[in-house]
Amino acid sequence: MMKMKILATAALCAALVMLPAAADTSLPRLGAEHGATQLLVDGKPFLMRGAELENSSASSRTFMKDVWPKLAAMHVNTVLSPAYWELIEPTEGRFDFSSIDGVIDDARAHKMHIVFLWFGSWKNSMSSYAPGWVKRNIKRFPRAEKSDSSSLEILSPLSAENLAADKNAFVALMRHLKENDGEHTVVMVQVENEIGMIPEARDHSTAAEAAFKAPVPAALTDYLSKHKDSLMPVLRAAWAAHGDKVGASWEETFGAGLATDEIFNAWVQALYTEKVAAAGKAVYLLPMYVNAALMRPGRVPGQYPSGGPLPWLFDIWHAAAPSIDMLSPDLYTPNFTEWTLRYLRPDNPYFIPEMGRRPAAEMGANALWSYAKLNAMGVSPYAPEFLPEDERKVMAEAFGVVEQLSPQILAAQGTDRIAGVNVPISYDGVSDLTAQNFAFGRYIFDVHFKAPPPISIGQNKEVPLPGAHGGFIIQTGPDEFLIAGTGMYLYLGTTGIDDPIAGIETADEGQFVNGRWVPGRRLNGDETNQGRYLFVPSGKFSIMRVKLYHYK
Ligand code: DGJ
């Protein structure tokens with residue numbers, strides 16, 4: 001809790017620094033709210049229950065017809081939709097925003113907000129969404145090259161022409177939004193998509209080779225000097241090991257090898273992204289973020305998109321791209337907790353644009369945890385329109401809980417009145433079911449992810465609890481709590497020696513309907529084992545409202 005508070009206070013400072021002095025406060029923006037950086041829409045904190053469309057869905061309005069009702073049934077309030085450069089600027093300088101306008105109109109009809117994803121120069125490290133006139137003109141729009149000088153289907157980040165073309169189209173998009181979205185349907189923009197370099201760690205084009213041999217730009221070394229004490233350890237160590245050099249080549253500064261190649265590539269791609277983002281923000285100041293492709297263990301730069309906004313490159317991205325408000329992870333592996341915590345930093349407001357390839361119950365539990373533990377302003381499953389219906393239903397239940405409790409979550413984020421609960425899972429899929437403790441004032445919740453021992457049949461070991469586990473606890477009064485999630489047993493205690501016993505006065509299941517609590521069953525019998533614990537059932541997402549007391 002203490003650590004959370006320190007991070008939260010620092011996040012507040014970071015967010016305050018981030019807001020431009022003359023920002024139009026009616027626009028969607030990031031704001032510091034009691035220690036958390038939240039997304040403000042029309043001046044009010046807004047919690048995104050997101051859905052990122054599968055890449056190609058938004059390219060056809062007809063295809064989308066069946067998708068919107070699926071998203072609405074999932075309690076999605078924000079759709080993350082690609083804005084395809086090739087569709088927006090099919091001929092150089094002639095813009096066609098019909099694909100964008102269709103998404104905006106349909107989102108409005110379904111009372112949803114939008115985050116547009118700028119599929120510009122990079123899409124999963126490739127340049128497949130560049131328009132034909134860019135793709136075909138290799139001379140004017142040079143490609144990144146491998147070390148054997150062969151060309152890649154990736155625009156070189158070292159080309160001024162590439163940058164100018166991308167920037168021009170992005171500015172046109174932002175201008176179009178400014179002129180046509182007085183309703184603030186669009187709340188945020190992702191700049192490029194999963195930037196990085198594959199299959200080598202850096203661009204080897206002629207321009208890139210020259211830049212690699214030239215001195216590391218002063219803008220970077222100045223940043224490193226200024227932030228020496230807070231740099232990511234690997235970067236700090238590489239720079240220190242070579243004498244904290246200034247004005248030397250990349251290899252002289254950080255050493256020769258893949259790690260330095262990746263630092264270089266991060267710098268040139270982040271600079272490019274910054275120029276695109278800054279030009280777009282100058283026209284229409286919406287919050288902007290970049291998303292990161294994470295990797296499997298043991299992979300080296302180039303085997304994954306090298307130079308993306310990855311944890312060991314945070315400093316490079318912050319130095320090069322101050323217009324980017326957030327570095328956001330895309331989560332597709334079981335070790336969600338491990339990766340997300342690596343992005344939890346005071347200077348990185350939290351947004352999860354993509355999560356997928358995991359059971360919906362696990363994703364739902366992770367989503368609930370993220371809003372509480374990471375102060376996430378939004379969480380978004382990827383391509384839910386292609387999930388089997390029963391999986392979408394599970395996600396709908398989780399988002400339904402978030403929808404009901406959004407006012408309470410938003411009010412508690414950044415404070416010590418909220419705690420996220422989840423079960424960390426390793427990359428190999430092994431769950432750590434160790435019990436976890438959470439203190440709220442006088443009370444302690446000892447959360448277990450296994451069922452109590454069936455003593456009546458002579459066994460004294462806890463037994464596995466099927467399904468996913470996790471959710472959150474929100475304190476709503478000195479003795480009152482809302483508990484939401486799935487698959488948890490909560491044993492109660494206190495922090496006091498004078499009054500060590502915590503009892504359950506009432507435990508009610510129920511729902512918030514139009515913001516009003518409508519209780520269901522009173523659960524003071526078998527469900528709480530006659531007051532011994534609170535049980536958040538497995539196999540569904542639910543809300544419980546409890547009142548506790550403590551005594552000697
Ligand atoms: C991450 C990318 O950002 C998305 O556009 C999409 O390609 C998914 N991967 C597919 O899993």
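Just so it is clear, the values below take in all heavy atoms, side chains as well, and ignore hydrogens, waters and symmetry mates. In listed order, ligands and their atoms are each counted from 1. Just so you know, residue 1 is the first one in the sequence shown, and it goes up from there.
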Task: Those atoms of ligand 1 less than 4.0 Å from some heavy atom in Asn193 - done: 2 (C), 3 (O), 5 (O)

Open item on the list: Return the CG to NE2 distance between Leu71 and His110, rounded to the nearest 0.5 Å.
Closed with: 8.5 Å

TODO: Examine the proximity of ligand 1 to Leu117 and report which part, side chain or backbone, both or neither, has a heavy atom under 4.0 Å away.
DONE: neither

- [ ] Taking only heavy atoms of Tyr332 into account, list the atoms of ligand 1 that are under 4.0 Å away from them.
- [x] 8 (C), 9 (N), 11 (O)

Task: Atoms of ligand 1 close to Glu194 [distance to a heavy atom under 4.0 angstrom, numbered from 1] - done: 1 (C), 2 (C), 3 (O)

Open item on the list: Please state which option from Glu354, Glu192, Gln190 has its nearest heavy atom closest to atom 9 (N) of ligand 1.
Closed with: Glu354

Open item on the list: Considering non-hydrogen atoms of the protein only, which is the closest contact for atom 6 (C) of ligand 1, and what is the distance?
Closed with: Tyr382 OH, 3.3 Å

Open item on the list: Give me the residue, atom name and distance of the protein heavy atom closest to atom 11 (O) of ligand 1.
Closed with: Arg357 NH2, 2.7 Å

- [ ] Looking only at non-hydrogen atoms, find the nearest pair between Thr37 and Leu30 and report the distance.
- [x] CG2-CB, 3.9 Å

- [ ] Just jot down the ring-ring contact (aromatic ring centres under 6.0 Å, His included) partners of Trp339, sequence neighbours excluded, or say none.
- [x] none

Open item on the list: Taking 4.0 angstrom as the limit and counting only heavy atoms of Asp330, give me the atoms of ligand 1 inside it, by number and element.
Closed with: 3 (O)

Task: Subset of ligand 1 atoms that lie under 4.0 Å from at least one heavy atom of Asn291 - done: 3 (O)

Task: Salt bridge flag under 4.0 Å for residues Lys70 and Glu385 - done: no

Task: Carboxylate-amine/guanidinium proximity below 4.0 Å for Arg108 and Asp181 - done: yes

Open item on the list: Going by the rule ring-ring contact (aromatic ring centres under 6.0 Å, His included), which residues pair with Tyr382 if we only count those two or more places apart in sequence or in a different chain?
Closed with: none

Task: Positive for side chain to side chain contact (heavy atoms under 4.5 Å, CB included) with Ile316, one of Leu235, Leu310, Leu271 - done: Leu235

- [ ] Enumerate the atoms of ligand 1 whose separation from the nearest heavy atom of Asn124 is less than 4.0 angstrom.
- [x] 2 (C), 3 (O), 4 (C), 5 (O), 7 (O), 9 (N)

Open item on the list: Heavy-atom contact check, 4.0 Å cutoff: does Lys123 meet ligand 1?
Closed with: yes

TODO: Identify whether the distance between the nearest side-chain nitrogen and carboxylate oxygen of Glu209 and Arg202 falls below 4.0 Å.
DONE: yes

